[in-house]
Amino acid sequence: MSSALGFALLTIFTIFLSLSSLSDGLLQPRRISHGLSESSKYLTRDELWFNQTLDHYSPSDHRKFRQRYYEYLDHLRVPDGPIFMMLCGEGPCNGIPNDYITVLAKKFDAGIVSLEHRYYGKSSPFKSLATENLKYLSSKQALFDLAAFRQYYQDSLNVKFNRSGNVENPWFFFGASYSGALSAWFRLKFPHLTCGSLASSAVVRAVYEFPEFDQQIGESAGPECKAALQETNKLLELGLKVNNRAVKALFNATELDVDADFLYLIADAEVMAIQYGNPDKLCVPLVEAHKNGGDLVEAYAKYVREFCVGVFGLSSKTYSRKHLLDTAVTPDSADRLWWFQVCTEVAYFQVAPANDSIRSHQINTEYHLDLCKSLFGKGVYPEVDATNLYYGSDRIAATKIIFTNGSQDPWRHASKQTSSPELPSYIVTCHNCGHGSDLRGCPQSPMVIEGDSKNCSSPDAVNKVRQHIVEHMDLWLSECRGGIRSSM
């Protein structure tokens with residue numbers, strides 16, 4: 001919910017989450033090295049398959065496609081324990097990650113299942129991602145995918161446990177970022193199919209122009225780091241006019257012919273540190289260079305090369321229009337696919353604020369609209385008002401959804417931050433609490449096994465919110481079991 005890195009970031013978070021933790025995010029590294037064994041990062045990577053309906057809105061189109069999913073039942077109390085549905089978002093879903101949901105599964109004796117989002121990863125209905133083939137890529141279709149799969153999987157459990165067809169396990173849905181929004185929207189649209197939802201860093205409010213994103217980066221970075229970032233961006237824009245190729249070469253980005261695409265990468269790179277709980281990786285060297293009259297551009301380029309590229313696997317390819325225009329189905333197709341969802345449903349256009357901006361003013365509304373048109377043709381436009389009308393935005397009229405956000409996360413301004421008894425909302429407040437910190441711990445990436453909170457600047461802040469989550473889940477699951485028993 002996913003800058004270009006915001007969109008890569010909304011997309012990196014999902015690949016990142018699917019590579020290492022709960023899928024769904026707004027940022028996506030190409031390759032990530034966590035120093036962890038594959039067996040410790042995942043509960044399972046064994047692929048299973050479900051024949052999914054292509055168009056849930058057509059009574060006459062009976063086409064199907066293969067959708068990938070995973071199951072992990074080691075903690076399930078057979079036969080009546082809860083089923084936790086981990087939603088994958090805007091990236092490949094490569095297994096069930098070993099994050100804080102593992103702790104919850106142990107506590108509640110739950111099984112875990114995870115369904116890959118349509119079109120992403122290995123769940124592509126078509127061999128070409130041409131615009132005309134993307135018409136079935138939407139959050140609405142994805143919600144129906146979840147409902148159809150949930151019914152199929154419940155039936156399969158009943159067969160496995162030799163139970164009658166009208167018996168149901170209690171279900172609980174989880175998601176972070178875009179998949180956090182899906183988790184909330186699923187409870188809104190299909191309240192009879194889940195006892196409740198956790199919507200971590202859930203971007204439920206589609207936003208056409210989103211200057212608050214950049215403003216939060218400045219607030220989270222602090223005044224000294226913000227000033228250093230602003231000066232760095234001014235120097236980079238000046239450098240592009242003097243020696244364009246040499247400046248881009250510092251960031252291994254000479255393939256980016258459009259200067260605004262390069263400046264989007266520059267903006268997103270700073271987001272990566274703040275959003276995922278590593279602010280000091282960015283700010284300490286930059287503030288030092290700023291204070292001591294050092295080379296700000298080189299200090300920033302070193303941060304990008306060593307941290308963004310070296311740790312996250314960030315690539316300038318993510319911002320390349322040639323890459324984004326590629327309609328072949330590849331492991332990197334998530335970039336094009338997420339931009340399609342951005343350009344049709346949710347926007348989240350991370351434009352430069354009118355005053356006191358960190359990012360370049362070349363990253364404006366016209367830039368985003370031009371990119372959408374370049375990638376998908378003239379008729380494509382983000383129907384933000386229609387999306388918010390359909391789901392309710394941050395005034396969503398649902399019950400039994402837990403909303404959580406990190407205090408430093410710029411995406412929280414597209415989430416629900418006001419609380420009510422039926423829709424509790426919590427802010428996890430600490431210096432390195434960012435995107436999905438309640439599920440991922442600190443930093444939010446690289447991965448922390450079981451979402452351990454010990455490296456958060458305030459572990460108590462994270463643990464307190466987690467305790468609230470457990471209390472709500474305990475109540476709602478017990479109420480759900482009572483309802484299931486009374487209906488049998």
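Only heavy atoms go into these numbers, but all of them, side chains included; no hydrogens, no water, no symmetry mates. Remember, it's a predicted structure, so these values are computed and weren't measured experimentally.
- Taking CG from Leu73 and CG from Leu157, the interatomic distance works out to 7.0 Å, rounded to the nearest 0.5 Å.
- Checked against the 6.0 Å centroid criterion, the rings of Tyr69 and Phe50 do not qualify as a close aromatic pair.
- The two atoms that bring Gly277 and Pro443 nearest to each other are O-CB, 3.4 Å, heavy atoms only.
- The closest side-chain heavy-atom distance from Cys442 to Cys433 is below 4.5 Å.
- Between Tyr348 and Phe213, the ring center distance fails the sub-6.0 Å criterion.
- Atoms SG and CE, from Cys195 and Met473 in turn, are 9.5 Å apart once rounded to the nearest 0.5 Å.
- When every heavy atom of Gly81 is checked against every heavy atom of Pro170, the shortest pair comes out as O-CD, 4.0 Å.
- Panel note: side chain Tyr70, backbone Leu43; no donor-acceptor pair is recorded below 3.5 Å.
- Rounding to the nearest 0.5 Å places CG of Leu104 at 9.0 Å from CZ of Phe172.
- Under the 2.5 Å cut-off for SG-SG separation, Cys283 and Cys225 qualify: their sulfur atoms lie closer than that.
- Side-chain contact of Lys122 with Ser124: a donor-acceptor pair under 3.5 Å is absent, judged by distance alone.
- Across every non-hydrogen atom of Pro125 and Leu54, the tightest pair is CB-CD1, 3.7 Å.
- When atom types are taken as modelled, the side chain of Arg336 and the backbone of Leu324 share a donor-acceptor pair closer than 3.5 angstrom.
- Proximity of Gln151 to Leu193: side-chain heavy atoms (C-beta onward) are separated by under 4.5 Å at one or more points.
- Between the side chain of Arg68 and the backbone N or O of Glu47, no donor-acceptor pair lies under 3.5 Å.
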* Check the pair Trp476 / Ile401 against side-chain contact (heavy atoms from CB on, under 4.5 Å), numbers first and verdict last. => CA-CA 10 Å; Trp476 297 344; Ile401 304 169; 5.8 Å; no
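- For the side-chain contact (heavy atoms from CB on, under 4.5 Å) with Val465, the lone residue among Thr429, Asp460, Thr404 that qualifies is Thr404.
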* Asked: Phe210 and His413: side-chain contact (heavy atoms from CB on, under 4.5 Å), yes or no, with the steps?
  -> CA-CA 9 Å; Phe210 197 14; His413 299 287; 3.8 Å; yes
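- For the 3.5 Å distance criterion, the side chains of Asp145 and His56 qualify, holding a donor opposite an acceptor.
- The closest side-chain heavy-atom distance from Ser139 to Trp185 is below 4.5 Å.
- Considering CH2 of Trp49 and OG of Ser123, their distance stands at 5.5 Å, rounded to 0.5 Å.
- Contact of the Leu314 side chain with the Tyr319 side chain is registered, since non-hydrogen atoms from C-beta on lie closer than 4.5 Å.
- Under a 3.5 Å cut-off, the side chain of Thr194 and the backbone N or O of Gly196 do form a donor-acceptor pair.
- Below 30°, between 30° and 60°, or above 60°: for His117 and Tyr120 the angle between ring planes is above 60°, a perpendicular geometry.
- With hydrogens and angles ignored, the 3.5 Å screen pairs no side-chain donor or acceptor of Ser453 with any backbone N or O of Cys456.
- A side-chain donor-acceptor contact under 3.5 Å links Gln154 and Asn169.
- In summary, the side chains of Ser138 and Arg118 do not present any donor paired with an acceptor at a separation below 3.5 Å, with no hydrogens or angles considered.
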* Show your reasoning for whether salt bridge (charged side-chain N to carboxylate O under 4.0 Å, His left out) applies to Asp474 and Lys107. => CA-CA 10 Å; Asp474 197 22; Lys107 181 173 184 62; over 6 Å; no
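- Side-chain polar atoms of Thr365 and Glu209 form a donor-acceptor pair below 3.5 angstrom.
- Applying the 6.0 Å contact sphere to CG of Asp385 captures no more than 12 heavy atoms from other residues, nucleotides or ligands.
- Judged purely by distance below 3.5 Å, without hydrogens or angles, the side chains of His435 and Ser177 pair a donor atom with an acceptor atom.
- When the shell of 6.0 Å around NZ of Lys226 is examined, it contains more than 12 heavy atoms from other residues, nucleotides or ligands.
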* To do: Please step through side-chain contact (heavy atoms from CB on, under 4.5 Å) for the pair Trp338 and Val346, ending with a clear verdict.
  => CA-CA 10 Å; Trp338 178 241; Val346 292; 4.3 Å; yes
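- No donor-acceptor distance shorter than 3.5 angstrom exists from the side chain of Thr102 to the backbone of Asn98, with no hydrogens or angles considered.
- Distance alone, capped at 3.5 Å, places no donor-acceptor pair between the Asn233 side chain and the Arg359 backbone.
- Of all non-hydrogen atoms in Ile101 and Met86, the two that sit nearest each other are CD1-CG, 3.6 Å.
- Expressed to the nearest 0.5 Å, how far CZ of Arg150 lies from CG of Leu115 amounts to 13.5 Å.
- Both cation-pi conditions hold for Lys189 and Tyr390: the charged atom is under 6.0 angstrom from the six-membered ring centre and inside a 45 degree cone around its axis.
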* Candidate pair Leu423 and Phe403, rule side-chain contact (heavy atoms from CB on, under 4.5 Å), full reasoning -> CA-CA 7 Å; Leu423 295 174; Phe403 288 91; 4.2 Å; yes
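- In this model, no donor atom of one side chain and acceptor atom of the other lie less than 3.5 Å apart for Asp356 and Gln215.
- Shortest non-hydrogen contact noted between Leu439 and Gly175 is CD1-O, 4.5 Å.
- Using a 4.5 Å heavy-atom threshold, the side chains of Leu134 and Phe376 count as touching.
- Two residues are said to be in side-chain contact when any heavy atoms from C-beta on lie closer than 4.5 Å; Arg66 and Asn51 meet this criterion.
- Contact annotation: the side chain of Leu229 approaches that of Leu282 to within less than 4.5 Å [non-hydrogen atoms, C-beta and beyond].
- Salt bridge absent: Asp80 and Arg163 never bring a charged side-chain N and a carboxylate O closer than 4.0 Å.
- Under the 4.5 Å side-chain criterion, counting only non-hydrogen atoms from C-beta, Phe65 is not in contact with Tyr119.
- Panel note: side chain Ser156, backbone Tyr153; a donor-acceptor pair is recorded below 3.5 Å.
- Between the Gln444 side chain and the Asn432 main chain, a donor and an acceptor come within less than 3.5 Å of each other.
- Ala184 and Ala199 make their closest contact through CB-CB, 4.0 Å (heavy atoms, listed as atom of the first residue, atom of the second, distance).
- Ring centers of Phe349 and Tyr367: at least 6.0 Å apart, outside the cut-off.
- The 12-atom threshold is not exceeded at CZ of Arg395, counting heavy atoms of other residues, nucleotides or ligands nearer than 6.0 Å.
- In this structure, Cys88 SG and Glu116 CD are separated by 6.5 Å, a value rounded to the nearest 0.5 Å.
- Counting only residues at least two apart or in different chains, salt bridge (charged side-chain N to carboxylate O under 4.0 Å, His left out) contacts with residues 446-455 comprise Lys106-Glu450.
- Aromatic ring centroids of His368 and Tyr264 lie under 6.0 Å apart.
- Between the side chain of Asn278 and the backbone N or O of Tyr276 there is at least one donor-acceptor pair closer than 3.5 Å.
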